[in-house]
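Excluded from the calculations below are hydrogen atoms, water molecules and symmetry mates; all remaining heavy atoms, backbone and side chain alike, are included.
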Amino acid sequence: VDPYIGAGFSYMLITNTQDGVFQDVEVENDLGAALQAGVNIAVNERVGVFLDVKKAFLTTKATGTFGGADAVAEVVMDPLVISAGASVSF
């Protein structure tokens with residue numbers, strides 16, 4: 001069992017923006033701080049399983065129109081990502 005913690009950066013790449021009220025919505029990509037913690041568990045010499053939790057701190061800018069008027073907003077997205085899976089070393 002190998003637990004770990006870490007800190008670094010997270011890059012948010014926006015690929016699709018839609019809103020039911022605003023038109024022509026554009027959200028900028030963003031780079032922000034990130035924290036992570038997890039555990040790797042070896043099943044045998046080559047195979048393992050893992051559990052990982054990541055928290056990103058992202059603030060970006062969104063623009064669009066509302067009823068024809070320009071609109072600008074600061075968007076705060078602080079996702080918590082929990083992942084689990086298997087790994088194979090070779």
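The main-chain N or O of Met12 is never found under 3.5 Å from a side-chain atom of Asp30 such that the two would form a donor-acceptor pair.
With rounding to the nearest 0.5 Å, the separation of CG in Leu31 from OG1 in Thr59 is 11.5 Å. A distance of 6.0 Å separates CD1 in Ile14 from CG in Asn29, rounded to the nearest 0.5 Å. How far CG of Asp19 is from CG of Asp24: 11.5 Å, rounded to the nearest 0.5 Å. Atom-to-atom distance recorded for Leu35:CG and Lys54:NZ is 11.5 Å, nearest 0.5 angstrom.
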Please tabulate, for the side chains in residues 44-51, all donor-acceptor contacts under 3.5 angstrom to protein atoms that are two or more places apart in sequence or on a different chain.
unit_1, atom_1, unit_2, atom_2, d
Asn44, OD1, Arg46, N, 2.9
Asn44, OD1, Val47, N, 2.8
Arg46, NE, Ser89, O, 3.1

Could you pull out all donor-acceptor pairs under 3.5 Å where a side-chain atom in residues 72-87 meets a protein atom, sequence neighbours excluded?
unit_1, atom_1, unit_2, atom_2, d
Asp78, OD1, Leu58, N, 3.2

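Both Val25 and Val21 are assigned to one and the same hydrophobic cluster, defined by single-linkage of ILVMFWY side chains at heavy-atom distances under 4.5 Å. Residue Val27 is not grouped with residue Tyr11 when hydrophobic side chains (ILVMFWY) are merged at heavy-atom distances under 4.5 angstrom, including chains of intermediate members.
Taking every heavy atom of both residues into account, Tyr4 and Val39 meet most closely at CE2-N, 3.6 Å.
Within a 6.0 Å sphere centred on NZ of Lys61, other residues, nucleotides and ligands contribute 12 heavy atoms or fewer.
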